[in-house]
Amino acid sequence: MSLRRVKTKSGKFLEEVQTVTEGLKTLYRKKLLPLEKYYGFSDFHSPSLEDADFDNKPMILVMGQYSTGKTTFIRYLLEQDFPGGRVGPEPTTDSFTAIMHGDTEGIIPGNALVVDPNKPFRKLNPFGTAFLNRFQCALLPNQVLESISIIDTPGILSGVKRRQSRGYDFPAVLRWFAEHVDRIILLCDAHKLELSDEFSRTITALRGNEDKLRVVLNKADMVDSQQLMRVYGALMWSLGKVFRTPEVLRVYIGSFWSSPLKISDNRRLFQQEEEDLFADIQNLPRNAALRKLNDLVKRARLVRAHAHVISYLKQEMPLVFHRDNKKRDLIYNLPDIFTRIQQLHQISPGDFPDCAKMQERLMSQDFTKFKSLKPKLMATLDELLSTDIAMLMPLLRQEELEAADQPGVQGGAFLGTGRGPFFEGNPFLQIGPDEENGDFPDEEDWVVKKDKAKYDEIFYNLSPNEGKLSGTKAKDWMVSTRLPNSVLGRIWKLSDVDRDGMLDDEEFALASHLIEIKLEGFGLPPELPAHLVPPSKRRRKSSSTDPSQTA
């Protein structure tokens with residue numbers, strides 16, 4: 001990408017930037033950060049941004065009530081276990097876990113994580129030791145994590161008595177993550193639709209980030225079609241009570257695990273919903289620059305509103321007498337002050353912070369130390385919003401065009417290139433001594449052969465045509481196993497060795513073997529190992545590479 005020079009109306013030049021991210025970092029450091037420091041923005045709202053906040057990969061925050069399948073959902077995406085991940089019907093995840101790419105598997109504890117300048121978590125330090133002891137980073141050499149990072153969260157509790165048991169401000173931590181991630185996935189269980197007090201407070205913490213939110217009705221294969229319709233309606237009604245927005249939330253319905261579906265009546269629906277959700281996730285890297293620009297603009301508008309509020313409060317405070325009474329009156333009348341500032345300076349109501357939270361934080365502040373409005377700083381901020389951001393748009397469009405040719409998130413459940421969720425004891429890892437050199441083992445060593453007679457009986461009962469089963473006939477039988485379509489699609493891709501869209505008896509036997517292994521809880525290989533290639537296909541490969549066979 002060629003270097004660009006961006007010129008502002010004031011005649012000054014930004015640094016030469018190569019990417020939108022570099023331009024945003026420059027604008028923030030030069031024009032927005034000075035205002036934040038001058039008006040104490042971080043004392044009321046989020047801390048100042050660092051380079052890691054601009055440079056980090058897109059992040060997904062996975063949250064929901066306990067036992068809704070959050071950790072299982074992440075394993076389904078990665079097709080691999082991650083360090084520290086544990087699954088169970090009880091609340092098993094008691095920590096925030098940032099799952100990120102690393103060359104080797106490992107865990108970084110929270111206290112070490114918040115001092116790493118290369119990670120975007122340094123501003124989590126104020127939440128205290130109780131939180132940091134419940135925060136960790138799991139490093140994993142997984143292809144999905146080359147494009148995105150995932151945040152696993154503790155389950156939202158349903159018992160009122162356990163409200164204070166965490167030892168840290170759980171909604172405040174979620175609010176911090178919600179402001180810094182690219183996508184929020186809220187998992188709901190088809191059998192657990194009650195909304196606890198903590199759930200309602202958690203939803204409140206997400207306000208202002210509804211555009212990032214996606215709701216998933218998980219474990220939908222546990223109910224039949226009629227029950228699913230009623231569950232979906234009940235969920236929409238419940239969410240409407242806590243979100244209080246006129247827009248209808250987008251809810252994805254499915255069962256995001258690789259186990260057989262309990263009730264497969266809605267298989268087609270689950271497949272379409274999964275494709276839509278995965279397409280949304282795959283687009284995150286392409287839209288990362290736009291999201292960062294949007295977040296910076298949102299932050300700049302909040303800083304502008306904050307500066308006007310602080311300067312107004314400073315202006316209204318008496319010089320000597322009755323300061324405490326005046327402070328109390330100003331805090332009480334803050335809603336009216338917001339309205340007055342909106343009308344006076346033509347600022348949108350949506351740019352202002354939550355009034356109740358602002359009142360709460362003002363109680364501990366010394367109004368006499370507030371700063372008056374500084375026209376030069378405000379002019380710089382107006383220039384950022386009106387001119388500088390617009391000057392970055394051509395570069396943003398160029399990056400979007402280049403990103404359109406990129407595949408997005410790859411690996412795991414997205415393209416079936418993960419090595420499977422279970423590594424140790426996986427039968428696909430029985431690599432022979434000559435396999436690493438590209439040589440095939442003997443035909444007698446084909447592990448499928450011992451059960452081929454059983455598979456042949458099924459094969460011929462399906463009435464093959466000229467020794468091959470069409471995709472339609474094979475699909476009908478494979479669907480009867482109730483494995484998710486995404487899993488069956490990978491099995492078909494591995495089994496159709498000659499890529500003719502049909503299965504002969506050996507390929508069908510291979511597909512049956514892969515299905516049985518998958519049903520036993522093992523993962524699928526990224527590519528078909530040599531010891532699983534059908535014997536007839538080995539001979540074909542051998543002859544195709546024999547120089548004596550070429551004319």
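Keep in mind that this is a model prediction, so the values were computed, not measured.
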Checklist entry - Does CD in Glu360 sit with more than 12 non-hydrogen atoms of other residues, nucleotides or ligands closer than 6.0 Å? => result no

Checklist entry - Rounded to the nearest 0.5 Å, how far does CD1 of Ile491 lie from CD1 of Ile515? => result 5.0 Å

Item to check | Test log, rule side-chain contact (heavy atoms from CB on, under 4.5 Å), inputs Ile185 and Tyr252 | outcome: CA-CA 10 Å; Ile185 295 181; Tyr252 298 87; over 6 Å; no

Item to check | Whether over 12 other heavy atoms sit under 6.0 Å from Lys262 NZ | outcome: no

Item to check | More than 12 heavy atoms of other groups within 6.0 Å of Asp366 CG | outcome: yes

Next on the checklist: Could you go through Phe73 and Phe256, starting from their C-alpha distance and side-chain angles, then the distance that decides it, and tell me whether this counts as ring pair (Phe, Tyr, Trp, His ring centres under 6.0 Å)?
Outcome noted: CA-CA 6 Å; Phe73 175 80; Phe256 294 89; 5.4 Å; yes

Item to check | Asp280 and Arg250 ion-paired at < 4.0 Å | outcome: no

Checklist entry - Tyr39 side chain to Ile310 main-chain N or O, any donor-acceptor pair under 3.5 Å? => result no

Checklist entry - Mind checking whether Arg183 and Arg214 have side chains closer than 4.5 Å, heavy atoms only? => result yes

Checklist entry - Say you draw a straight line from CD of Glu36 to NE2 of His306; how long is it, rounded to the nearest 0.5 Å? => result 9.0 Å

Checklist entry - Hey, does Asp103 have a side-chain heavy atom less than 4.5 Å from the side chain of Leu139? => result no

Item to check | Summary of salt bridge (charged side-chain N to carboxylate O under 4.0 Å, His left out) pairs that have at least one residue in residues 56-67, sequence neighbours excluded | outcome: none

Checklist entry - Could you state the interatomic distance from CD1 (Ile99) to CD1 (Ile107), rounded to the nearest 0.5 Å? => result 10.5 Å

Item to check | Stepwise side-chain contact (heavy atoms from CB on, under 4.5 Å) check, Phe44 with Gln365 | outcome: CA-CA 10 Å; Phe44 296 86; Gln365 298 291 324; 3.6 Å; yes

Item to check | Side-chain touch Lys371/Leu377, heavy atoms, less than 4.5 angstrom | outcome: no

Checklist entry - If you take all heavy atoms of Ala178 and Asn209, which pair is closest and at what distance? => result O-OD1, 3.4 Å

Checklist entry - What pair of heavy atoms forms the shortest contact from Pro154 to Tyr168, and how long is it? => result CG-OH, 4.0 Å

Next on the checklist: Using side-chain heavy atoms (C-beta onward) and a distance below 4.5 Å, is Ser46 in contact with Phe41?
Outcome noted: yes

Next on the checklist: Do the side chains of Glu22 and Lys25 get close enough for a salt bridge, i.e. N-O under 4.0 angstrom?
Outcome noted: yes

Checklist entry - Rounded to the nearest 0.5 Å, how far does CG of Leu249 lie from CE of Met236? => result 6.0 Å

Checklist outcome for this item: Residues at least two apart in sequence or cross-chain that pass side-chain contact (heavy atoms from CB on, under 4.5 Å) with Leu113, listed by chain then number, are Ile108, Lys119, Phe121, Phe135, Cys137

Checklist outcome for this item: salt bridge (charged side-chain N to carboxylate O under 4.0 Å, His left out) pairs touching residues 38-53, sequence neighbours excluded, are Arg29-Asp51, Glu50-Arg122, Glu50-Lys123

Checklist entry - Where does the angle between the aromatic ring planes of Tyr76 and Phe278 fall among parallel (under 30°), tilted (30 to 60°) and perpendicular (over 60°)? => result tilted

Checklist entry - Does Lys31 reach the main-chain N or O of Thr26 with its side chain, forming a donor-acceptor pair under 3.5 Å? => result no

Item to check | Shortest non-hydrogen separation from Leu302 to Phe352 and the atoms involved | outcome: CD1-C, 4.2 Å

Checklist entry - With distance as the sole test, does Asn294 use its side chain to make a donor-acceptor pair with the main-chain N or O of Leu290 at under 3.5 Å? => result no

Checklist entry - Can Asp182 and Lys212 be counted as an ion pair, charged N to O under 4.0 angstrom? => result no

Next on the checklist: With heavy-atom distances below 4.5 Å as the criterion, would you say the side chains of Thr19 and Leu395 are in contact?
Outcome noted: no

Checklist entry - Hey, what do you get for CG (Leu396) to OG1 (Thr21), rounding to the nearest 0.5 Å? => result 9.5 Å

Item to check | Pairing of Asp354 and Arg207 as salt bridge, 4.0 angstrom limit | outcome: no

Next on the checklist: Using every non-hydrogen atom in the two residues, find where Pro58 and Pro285 come nearest and quote the distance to one decimal.
Outcome noted: CG-CA, 3.9 Å

Checklist entry - Without hydrogens or angle criteria, can the side chains of Thr71 and Asp152 be said to hold a donor-acceptor pair below 3.5 Å? => result yes

Next on the checklist: Could you walk me through whether Arg75 and Asp81 satisfy the side-chain contact (heavy atoms from CB on, under 4.5 Å) test, starting with their C-alpha distance in whole Å, then the side-chain angles of each, then the deciding distance to 0.1 Å, before giving a yes or no?
Outcome noted: CA-CA 6 Å; Arg75 287 171 54 185; Asp81 276 328; 2.8 Å; yes

Item to check | Pair Lys219-Trp257, side-chain contact (heavy atoms from CB on, under 4.5 Å): steps then yes or no | outcome: CA-CA 9 Å; Lys219 304 184 182 181; Trp257 50 26; 4.0 Å; yes

Item to check | Which atom of Thr68 lies closest to which atom of Asn218, heavy atoms considered | outcome: O-ND2, 3.0 Å

Item to check | 4.5 Å side-chain heavy-atom contact, Tyr28 and Leu296 | outcome: yes

Next on the checklist: Testing the basics here: between Phe82 and Ala138, what is the closest heavy-atom pair and its distance to 0.1 Å?
Outcome noted: CD1-CB, 4.5 Å

Checklist entry - Does Trp176 reach the side chain of Asp169, with side-chain heavy atoms less than 4.5 Å apart? => result no

Item to check | Flag, side chain of Thr97 to backbone of Gln136, donor-acceptor distance under 3.5 Å | outcome: no

Next on the checklist: If I take atom CG from residue Asn118 and atom CG from residue Asn56, how far apart are they, to the nearest 0.5 angstrom?
Outcome noted: 11.5 Å

Item to check | Identified side-chain hydrogen bond (donor to acceptor under 3.5 Å, both in side chains) counterpart of Asp295 within the set Lys292, Arg299, Arg291 | outcome: Arg291

Next on the checklist: Do Glu179 and His45 make a side-chain contact, defined as non-hydrogen atoms from C-beta onward lying under 4.5 Å apart?
Outcome noted: no

Item to check | Plane angle bin for Phe177 and Phe96 - parallel if under 30°, tilted between 30 and 60°, otherwise perpendicular | outcome: parallel

